[in-house]
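Data first, discussion second: the structure below is written as structure tokens.
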Amino acid sequence: MDSFQDFKLSKQLHYAIEDLGFTTPTEIQAQSFSPVMSGKDLVGIAQTGTGKTFAYMLPLINGLKFSKQIDPRILVIVPTRELVIQVVDEIEKFGKYSSIRVKGVYGGVNINQHKALVMEGADIIVATPGRLYDLLLSRALKPKHIKKLVIDEVDIMLDLGFRFQLTNILELLPAQRQNIMFSATMTDDVEEFITAFFKAPTTISVAVSGTPLDNITQYAYNLPNFHTKINLLKDLLVDTETYTKTLIFVPNKKSADLVYELLYDFFTSEVAVIHSNKTQNYRIRSIEDFNDNKTRILVTTDIMARGLDLENISHVINVDTPRFPENYMHRIGRTGRAEAQGTSILFSTPAEQGFKENIETLMDHTIELLETPETLEISKLLTWEEQPKIIERDNPHTIVEEEKGESFHEKSEKNSKTNQGGSYKRIIKQKYKKARTRGDKTYNKLNKNKGKKPF
DNA sequence: AAAAAAT
């Protein structure tokens, strides 16, 4: 099938496709159309950026008869809240002439709000596992008409912590249903899962590793330690002409806060941060500001690594070298999307060389190694105690809105001054209080993470 | 190994 015209779809869907300017289906869209239409179980092995949502949703929506019933008929489960928001947005776009009612539910939002939302009625529910399970248990969401189930990023969903939630949910769904799943990789866990829950599935596999990376230019630097990585990061990001929109991946939440802090000294409100300990409002704001070009640099954990469609990312910088090569593939896949050209940069310490080799083996491609600039300041290795303390800041643009008159810089100045005089205990106390008043969860874990090294 | 996901 070379054109969407060849798909037997309703007029409404054809209009929507035309509006979106799509003419040629991607490989996965062409391949999954017939199996999904026929009602058979489907297993799709596909990297992100291959048009997955469109691939399963088009035939599913097409088969949906108009109804006003409250209980949903299609359920989509994805691993992060941000993906819920994105998938809902996509479905609304191509379902706009088909009177499709789609609702997204996820944690971090008052559950009564979601109960009310669900009671309004929906054809399609998109959800993260935890909130979905809550809604099912409380009977706010009734599963009996769910005949189509889509699970995205299954390999992640089978990680410990996710998998019990997922299997609990599956037990509550009607046995007679069509199962559709997508996974970037086929692991033993995924295979086991398929045998347990799928009935004679059609398996399609597209985008063998290597091929979707044609429009991403990859570079690497070998650097002695973390602080030298930060120095190089600063030296690179100064070039605002080149680094127009840069996503910076770090290995964990603690280093996300730290790298944000270190970059903030140089780039102030050009930089933002996101990770799962931030409140939902903060997370949404960070992404919105980045999408709207209010910030140029976004520091993130792997929360942003998968599936998200961010516009015009010029660079992806990996401050750490992921020890699992798939993570690298997911991360750099945030750039070079939909024909665009992108650049990725990988930082590796001597200890991380082995991880880099694994990545190169998987891709069957050697990442071009760039010379360390002679002007680069090589840091001595600081101990954890010598690391700069993290000052928790609000999202800059949120502050500007909320604090009338007082600018973000004035406020942060004030904060750092008040913090300098006080005893450690008092500072912690202040931080807890501030964290509570603005609902930031990071400092709830302050003591738990104390002394834990980011690298 | 760390991330995310429920309060």
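None of the values given here were measured: they were computed from a predicted structure. Each chain gets a letter, A, B and so on, in the order its sequence line appears, and its residues count up from 1. Excluded from the calculations below are hydrogen atoms, water molecules and symmetry mates; all remaining heavy atoms, backbone and side chain alike, are included.
Summarising the geometry, the separation between CG on D155(A) and P on dA2(B) is reported as 19 Å, rounded to the nearest angstrom. Rounded to a whole Å, the CG atom of L158(A) is 18 Å from the P atom of dA4(B). Atoms CG (L132(A)) and C1' (dT7(B)) sit 16 Å apart, rounded to a whole Å. The CG atom of L137(A) sits 13 Å away from the P atom of dT7(B) (whole-angstrom rounding). For the pair R81(A) CZ and dA5(B) P, the interatomic distance rounds to 5 Å; values are reported in whole Å. Between the NE2 atom of H114(A) and the C1' atom of dA5(B) there is a distance of 14 Å, given to the nearest Å. Taking atom OH of Y106(A) as the reference point, atom P of dA5(B) lies 11 Å away to the nearest angstrom. In this structure, L141(A) places its CG atom 14 Å from P of dA6(B), rounding to the nearest Å.
Side-chain contact annotation: D257(A) with H275(A), donor-acceptor N/O pair under 3.5 Å present. Inspection of the N222(A) and S348(A) side chains reveals no N or O donor paired with an N or O acceptor under 3.5 Å.
Counting any heavy atom pair closer than 4.0 Å across all strands shown, L160(A) reaches a base atom. Backbone-only engagement by G107(A) is indicated by non-hydrogen atom pairs under 4.0 Å involving sugar-phosphate atoms exclusively.
The 5' end of DNA chain B is approached more closely, in terms of each residue's nearest nucleotide, by F324(A) than by the other of T128(A) and F324(A).
Y56(A) and F182(A) have tilted rings, their planes meeting at an angle from 30° to 60° on a 0 to 90° scale.
Among dT7(B), dA5(B), dA4(B), the nucleotide with an atom closest to any side-chain atom of K253(A) is dA4(B). With distances taken from any side-chain atom of D159(A) to the nucleotides dA2(B), dA6(B), dA1(B), the minimum falls on dA2(B). Among the nucleotides dA4(B), dA6(B), dA1(B), the one closest to any side-chain atom of H275(A) is dA4(B). Ranking dA2(B), dA5(B), dA6(B) by closeness to the N327(A) side chain, first place goes to dA2(B).
The side-chain tip of K278(A) points at the ring of Y282(A) from less than 6.0 angstrom away and within 45° of straight on.
Stacking is not found between Y133(A) and the pyrimidine-like six-membered ring of the dA6(B) base under the 5.5 Å centre-distance and 30° plane-angle cut-offs.
Of the side-chain N and O atoms in R131(A), one or more sit less than 4.0 angstrom from OP1 or OP2 of dT7(B). Here R283(A) reaches the OP1 or OP2 of dA5(B): one of its side-chain N or O atoms lies under 4.0 Å away.
Screening residues 132-145 of chain A for salt bridge (charged side-chain N to carboxylate O under 4.0 Å, His left out), with sequence neighbours left out, gives no hits.
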